[in-house]
Participant: 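Below are the structure tokens for one structure; questions will follow.
Sequence lines set the chain letters: A, B, ... in the order given, protein chains first and strands last, and positions in each chain run from 1.
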There are 2 protein chains.
Amino acid sequence: MIFTAPRYRFTVRPMREAAAPESRPYHHGDLRRALIDAARRLLEQEGPTALSLRAVAREAGVSPAAPYHHFKDKGELLDAVAHEGWEMLNQALTAARAKGANLHDKMAGLGVAYVLFARDNPSLYRVMYDGSRDKEDLPTQMRMKDDSAYCQVRDTLVEAGADPTDEIALELATTAAWCAAHGLAEMASFKSFDHLKDAVGGEEAFFHGVFEHMKVFAKVQPD
Amino acid sequence: MIFTAPRYRFTVRPMREAAAPESRPYHHGDLRRALIDAARRLLEQEGPTALSLRAVAREAGVSPAAPYHHFKDKGELLDAVAHEGWEMLNQALTAARAKGANLHDKMAGLGVAYVLFARDNPSLYRVMYDGSRDKEDLPTQMRMKDDSAYCQVRDTLVEAGADPTDEIALELATTAAWCAAHGLAEMASFKSFDHLKDAVGGEEAFFHGVFEHMKVFAKVQPD
DNA sequence: TTTTTCATTTGAACGATGCTTAGATAGCAC
DNA sequence: GTGCTATCTAAGCATCGTTCAAATGAAAAA
């Protein structure tokens, strides 16, 4: 497996506020960290289109060229931001894990948690998938680590009764769940569905309703 | 319903080749059309990142300011390109419609057709959804017109036996199918799934397999 | 035909972006 | 203190989206 050690110890920490500019010495101390925080701040406040490398440098109070000593290019900064996003998603799914009695309820619960994360962090979610699309893959972090969101979905399936010896079926089911959640996460922000949300009694009910109706793809119709 | 008449008669026509630049008179004749074609050509050949307004103008053999007499800004050009994409998707689903005996087979067939469209027109598909995300909605064209992809999914559900009087369930099921297909369309290009594709015997089998396993969300497990 | 009109197209410009290079600064080992 | 070296700045390049005045020429008006 090709995976070089990360250059810095990774934890998702709360974003620091921007330091008062006049207090900064010539050498910043931890500009890398400050740049990631500045990027996330801009992302939250101004949205993904406002996130230019120069704007991030401005927000961090350094010159436009400074970031290039910590990131090869803009993409590498965005990768670092996305990395934190994936870690946050892992944590969100961990928190929501394993509620519900049967397979359906467990999976729907996990799916709703996923969609809620995307709803609450729309810009971050977008950066996460834009980066993946560019690389034509999800980050290694998502597929290999034990607490990765992908592995949690798979483990939940097993807990809920899926046959762990049929590896292919298990991976297909995990992929199916992931696709359903991601698809809904992207649709959920579209205004066309507002009337449906109202009709079923709110956003979360809408999410549950959509997952419920994934049954149209089931070979034998339940109910 | 808010929907102004389109400014030009719409059909999805094959892209014209770039005209020999020296043969072009000062007034182009149909620069709007030529710009859309140039944009789609660039999109196919160079990918979405290469698609700048200036590059499109260059490709069409015209000055950088010329497009602004036919499109308010870059976004409006991309909207026009996306519009053609949605029409193509409609046609693709129409062609694939209603094959299969039961609900599961019909829906899986439609879903696979959707995913194949995204696989075969990756850059166009991206432009279609980027535009939708910016506007926070799918184009009106997708939801209202009778032959729209969305309506076709819904009609297929009814044909396959869904209760047409339960409007909410019908819309939820249509949405679920759409989410599943869009989710898989985005995942399908990720390399992590290559081994799964091989394991199940090819890409289309993989698509069918994933749709099949959407059953993990069904309340009663079939099989 | 000649003249007028006016949408179309051009060229030049503005501010902003990603990125590179050369040089200034200062923390740190000696 | 003296260097060494990572860090940061200043300036510059090519490109981008967009605007605006001026040029063009097709088509209507005379």
Participant: Given dC19(C), dG17(D), dT9(D), identify the nucleotide with an atom nearest to the side chain of K74(A).
Facilitator: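 In terms of side-chain proximity for K74(A), the closest of dC19(C), dG17(D), dT9(D) is dC19(C).
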Participant: Could you tell me whether the side chain of Q152(B) and the main chain of D147(B) form a donor-acceptor pair under 3.5 Å?
Facilitator: yes
Participant: Distance alone, cut at 3.5 Å: any donor-acceptor contact between the side chains of T156(A) and R97(A)?
Facilitator: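 Yes - a donor-acceptor pair under 3.5 Å links their side chains.
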Participant: Between Y129(A) and Y125(A) (judged by ring centroids, cut-off 6.0 Å), do the two rings come close enough to count as a pair?
Facilitator: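 Ring centroids of Y129(A) and Y125(A) are less than 6.0 Å from each other.
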Participant: CG of L42(B) versus P of dC16(D): gap in Å, rounded?
Facilitator: 11 Å
Participant: Taking atom C1' of dT17(C) as reference, at what distance in whole Å does atom CG of D73(A) sit?
Facilitator: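 Taking atom C1' of dT17(C) as the reference, CG of D73(A) is at 14 Å.
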Participant: Using heavy atoms to find the nearest nucleotide of DNA chain C for A50(A) and P67(B) separately, return the residue whose nucleotide is more 5′.
Facilitator: P67(B)
Participant: Testing the 3.5 Å rule here: is there a donor-acceptor pair between the side chains of E171(A) and H195(B)?
Facilitator: yes
Participant: Rounded to the nearest angstrom, tell me the gap between atom CG in L53(B) and atom C1' in dT19(D).
Facilitator: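 Between C1' of dT19(D) and CG of L53(B): 13 Å.
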Participant: Once you round it to whole Å, what is the distance between C1' of dG17(D) and CG of L78(B)?
Facilitator: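 Nearest whole value for this atom pair: 12 Å.
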Participant: For G75(B) and A66(A), find the nucleotide of DNA chain D closest to each by heavy atoms; which residue's nucleotide sits nearer the 5' end?
Facilitator: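 Its nearest nucleotide lies further toward 5', so the answer is A66(A).
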Participant: Between dT20(C) atom P and H69(A) atom NE2, what is the distance in whole Å?
Facilitator: 11 Å
Participant: Measuring from the side chain of A65(A) (C-beta onward, heavy atoms only), which nucleotide among dC8(D), dT17(C), dT21(C) has the closest atom?
Facilitator: dT21(C)
Participant: Calculate, to the nearest 0.5 Å, the distance between atoms CG and NE2 belonging to L157(B) and H213(A) respectively.
Facilitator: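 Interatomic distance, L157(B) CG to H213(A) NE2, rounded to 0.5 Å: 9.5 Å.
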Participant: What about R54(B), does its side chain sit under 3.5 Å from the base of dT18(D) through a donor-acceptor pair?
Facilitator: yes
Participant: Report the nucleotide, chosen from dG18(C), dT19(D), dC16(D), that has the shortest atom-to-atom distance to any side-chain atom of R58(B).
Facilitator: dC16(D)
Participant: Nearest to the side chain of Y68(B), heavy atoms from C-beta on, is which of dC16(D), dT18(D), dT9(D)?
Facilitator: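 It is dT18(D).
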Participant: Measure CD/E59(A) against P/dT17(C) and give the value in whole Å, please.
Facilitator: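 After rounding, the reported distance stands at 13 Å.
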Participant: Can you tell me if the side-chain N/O atoms of H70(A) get under 4.0 Å from OP1 or OP2 in dC8(D)?
Facilitator: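 For dC8(D), OP1 or OP2 has a side-chain N or O of H70(A) closer than 4.0 Å.
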Participant: Which nucleotide in the list dT9(D), dC8(D), dC19(C) gets nearest to the side chain of S63(A)?
Facilitator: dT9(D)
Participant: Specify the separation, in whole Å, of atom NZ of K72(A) and atom C1' of dT20(C).
Facilitator: 14 Å
Participant: To the nearest angstrom, how far is R32(A) atom CZ from dC8(D) atom C1'?
Facilitator: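 Roughly 17 Å, once rounded to whole Å.
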